[in-house]
Amino acid sequence: MSSSDNKLSLLVCGGAGYIGSHMSRMLSDYGHEVTVFDNLSTGYADALKWGEFIKGDLRNPDDLDKALSSKKFDAVFHFSGLIVVSDSVQQPYQYYDNNVTGTLNLLRAMRNHDVKNFVFSSTAAVYGDPVMDIITEDHPLSPLNPYGRSKLYVEEILEDYAKAYNFNSVCFRYFNAAGAHPDALIGEAHKPETHLIPNILLSSIEKGRKLKIFGNDYPTPDGTCVRDYIHIQDICDAHLAAVDYLAKEQGAHIFNLGNGNGFSVLDVINAASEVTGRKIPYDFEPKRDGDSPRLVADSTKAHNLLGWTPKYDDLREIIETAYRWHKNPAY
Ligand code: UDP
């Protein structure tokens, strides 16, 4: 199973969402057979331009059985997560039900259909308050919110599956996914939008819209939270490399995905002002529940073992691709 020599059949759960749609497109561009499974609860039908679409819900085992029966898949990518930290604090049941029980349902269906390769979207939120400036994969795991815990529980389940069932997985701990495909046919769209870069760009584009900055007394140089922004196409490149890695290396593997550069909310606003040529209006607001002051990745492991190097290492270039999308979004 090598992604460069063979045409692979791949199931993309959450393929109508932000990362899943970019992944489906990249897989299709490389000539692989793509099947998307999505309930369209937060994704967009208009993002389903690549591969066959099966509408279904992770919480419904019959839907999963139908999807896994449709073809013999070489691997499954799982992007179907609920991802809003503050919502997870308000609605932990929904987060554990979708992100943990839903994933267990998917894993059961995979085992029933003898599919053993799994690539899972985890998150830097599993680390909680950082005790190192740059976070390696062996940093202590202490998520601050149900979203982070839901992802950590799945990581632990995957370790157990590797030992008990010879089930192979790669978990990617994304830092902050950002940007859009350079041709802007697809991009980042959430309703409501909670993410920083889209909100900054919307405040720049929409008259009268003001950005809310959540917290200005964090223990960071300017008091706003520091994050590591990694381009969506770089994230997708890593997923493709993971399929090749799983062909050689059995077991459960975990990798950080980030650029290794920390930018505060104010840094991102300044970079976006340069890109758009406009001032971004903002107000300081109270902190959001569950936000970590600083999350910056050491991705040396992905570089060494997957041969992965992010191509977008300039924040302005990342924001530029996002801006191209937000100026004229297709959905
Ligand atoms: N943030 C903000 N205003 C917004 C959205 C986000 O100040 O409208 C801050 C947020 O508190 C965090 C950072 O920007 O410190 C990144 O937030 P985002 O939701 O994009 O990603 P997260 O790091 O929560 O996964």
Side-chain angles (χ1 to χ4, degrees), residues 1-4 6-38 43-44 47-51 53 73-81 83 117-124 169-190 195 197-198 228-247 253-260 297 299 301-303 305-314 317-322 324-325 330:
M1 186 182 76
S2 152
S3 74
S4 51
N6 302 302
K7 176 173 173 167
L8 303 177
S9 181
L10 301 159
L11 181 65
V12 181
C13 296
Y18 170 44
I19 305 181
S21 59
H22 284 77
M23 191 72 236
S24 302
R25 179 174 186 175
M26 183 179 282
L27 294 171
S28 248
D29 287 350
Y30 277 99
H32 301 301
E33 181 179 44
V34 176
T35 305
V36 169
F37 179 86
D38 201 298
Y44 293 86
L48 292 169
K49 293 180 170 44
W50 298 278
F53 175 51
F73 293 108
D74 295 298
V76 173
F77 295 91
H78 180 21
F79 301 101
S80 316
I83 57 161
N117 298 305
F118 188 59
V119 186
F120 177 65
S121 303
S122 187
T123 169
S169 60
V170 165
C171 293
F172 283 121
R173 292 179 180 156
Y174 307 147
F175 282 63
N176 288 62
H181 190 282
D183 74 7
L185 200 59
I186 47 176
E188 182 170 13
H190 301 106
H195 292 99
I197 292 177
D228 179 340
Y229 295 88
I230 178 78
H231 197 271
I232 185 79
Q233 295 294 100
D234 285 325
I235 288 183
C236 292
D237 280 345
H239 283 66
L240 206 54
V243 174
D244 292 336
Y245 189 70
L246 287 176
H253 311 278
I254 292 177
F255 298 96
N256 285 341
L257 292 183
N259 264 309
S299 303
K301 187 177 171 193
H303 178 73
L305 299 185
L306 302 179
W308 176 79
T309 306
K311 297 187 184 96
Y312 290 84
D313 59 357
D314 175 354
E317 207 188 331
I318 294 175
I319 295 174
E320 234 167 65
T321 65
R324 231 172 280 155
W325 159 256

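Numbering starts at 1 and runs along the sequence shown.
- Put simply, OH on Y229 and CG on N259 are 12.0 Å apart, with the number rounded to the nearest 0.5 Å.
- Note that the OG atom of S3 and the CG atom of L246 stand 11.0 Å from one another [nearest 0.5 Å].
- Remark: A302 engages F255, L257, L306, W308 in a side chain to side chain contact (heavy atoms under 4.5 Å, CB included) (not counting sequence neighbours).
- Remark: D234 engages no residue in a salt bridge (Lys or Arg N to Asp or Glu O under 4.0 Å) (not counting sequence neighbours).
- Here the closest heavy-atom approach between residue I197 and residue A178 is recorded as CD1-CB, 3.8 Å.
- For H303, there are no ring pair (Phe, Tyr, Trp, His ring centres under 6.0 Å) partners at least two apart in sequence or on another chain.
- Every residue two or more places apart in sequence or in another chain that forms a side-chain hydrogen bond (donor to acceptor under 3.5 Å, both in side chains) with H78 is listed here: T103.
- Considering only heavy atoms from C-beta on, D74 stays 4.5 Å or farther from V243 through its side chain.
- The shortest distance between side-chain heavy atoms of L185 and K49 falls below 4.5 Å.
- With rounding to the nearest 0.5 angstrom, the CZ atom of R25 is 3.5 Å from the NE2 atom of H181.
- In this structure, CE in M23 is found 8.0 Å from CG in D237, a value given to the nearest 0.5 Å.
- For S299, the side-chain hydrogen bond (donor to acceptor under 3.5 Å, both in side chains) criterion is met by no residue, not counting sequence neighbours.
- The two residues L10 and H32 make their nearest non-hydrogen contact at CD1-CB, 4.0 Å.
- Under the ring pair (Phe, Tyr, Trp, His ring centres under 6.0 Å) criterion, W325 pairs with Y331, not counting sequence neighbours.
- Heavy-atom minimum distance, V12 versus S24: CG1-OG, 3.7 Å.
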Q) Passes ring pair (Phe, Tyr, Trp, His ring centres under 6.0 Å), Y174 versus H239? Steps please. A) CA-CA 11 Å; Y174 307 147; H239 283 66; 5.7 Å; yes
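- Of all heavy-atom pairs between G258 and P310, the closest is O-CG, 4.0 Å.
- Residues passing the side-chain hydrogen bond (donor to acceptor under 3.5 Å, both in side chains) test with E317: none are found, sequence neighbours excluded.
- Under a 3.5 Å cut-off, the side chain of S80 and the backbone N or O of G14 do form a donor-acceptor pair.
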Q | Test side chain to side chain contact (heavy atoms under 4.5 Å, CB included) applied to I83 and H195, step by step | A | CA-CA 10 Å; I83 57 161; H195 292 99; 3.6 Å; yes
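- Of all the heavy atoms in G15 and V36, the pair that sits closest is CA-CG1, 3.5 Å.
- Of the inter-residue distances, the one linking F79 atom CZ with S121 atom OG reads 5.0 Å to the nearest 0.5 angstrom.
- The ring pair (Phe, Tyr, Trp, His ring centres under 6.0 Å) search around Y18 returns H22, not counting sequence neighbours.
- Judged purely by atom type and a 3.5 angstrom limit, D38 uses its side chain to pair as donor or acceptor with the backbone of A16.
- To the nearest 0.5 Å, atoms NE2 (H253) and CG (L305) are separated by 9.0 Å.
- Taking the salt bridge (Lys or Arg N to Asp or Glu O under 4.0 Å) definition, one finds that D313 meets it with nothing, sequence neighbours left out.
- L27 has its side chain within reach of F77: a pair of non-hydrogen atoms, C-beta onward, lies under 4.5 Å apart.
- The side chain to side chain contact (heavy atoms under 4.5 Å, CB included) check on S169 picks up F118, L158, A252, with sequence neighbours excluded.
- In this structure a side-chain-to-backbone donor-acceptor pair under 3.5 Å is present from D228 to A297.
- The side-chain hydrogen bond (donor to acceptor under 3.5 Å, both in side chains) test applied to T123 returns no partner, not counting sequence neighbours.
- With sequence neighbours excluded, no residue forms a ring pair (Phe, Tyr, Trp, His ring centres under 6.0 Å) with F73.
- Using modelled atom types, one side-chain atom of K301 and one backbone atom of I254 make a donor-acceptor pair closer than 3.5 Å.
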Q) Going through the distances and angles, do I235 and F172 end up as a side chain to side chain contact (heavy atoms under 4.5 Å, CB included)? A) CA-CA 9 Å; I235 288 183; F172 283 121; over 6 Å; no
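- Closest of all the heavy-atom pairs between W50 and S28 is CB-OG, 3.6 Å.
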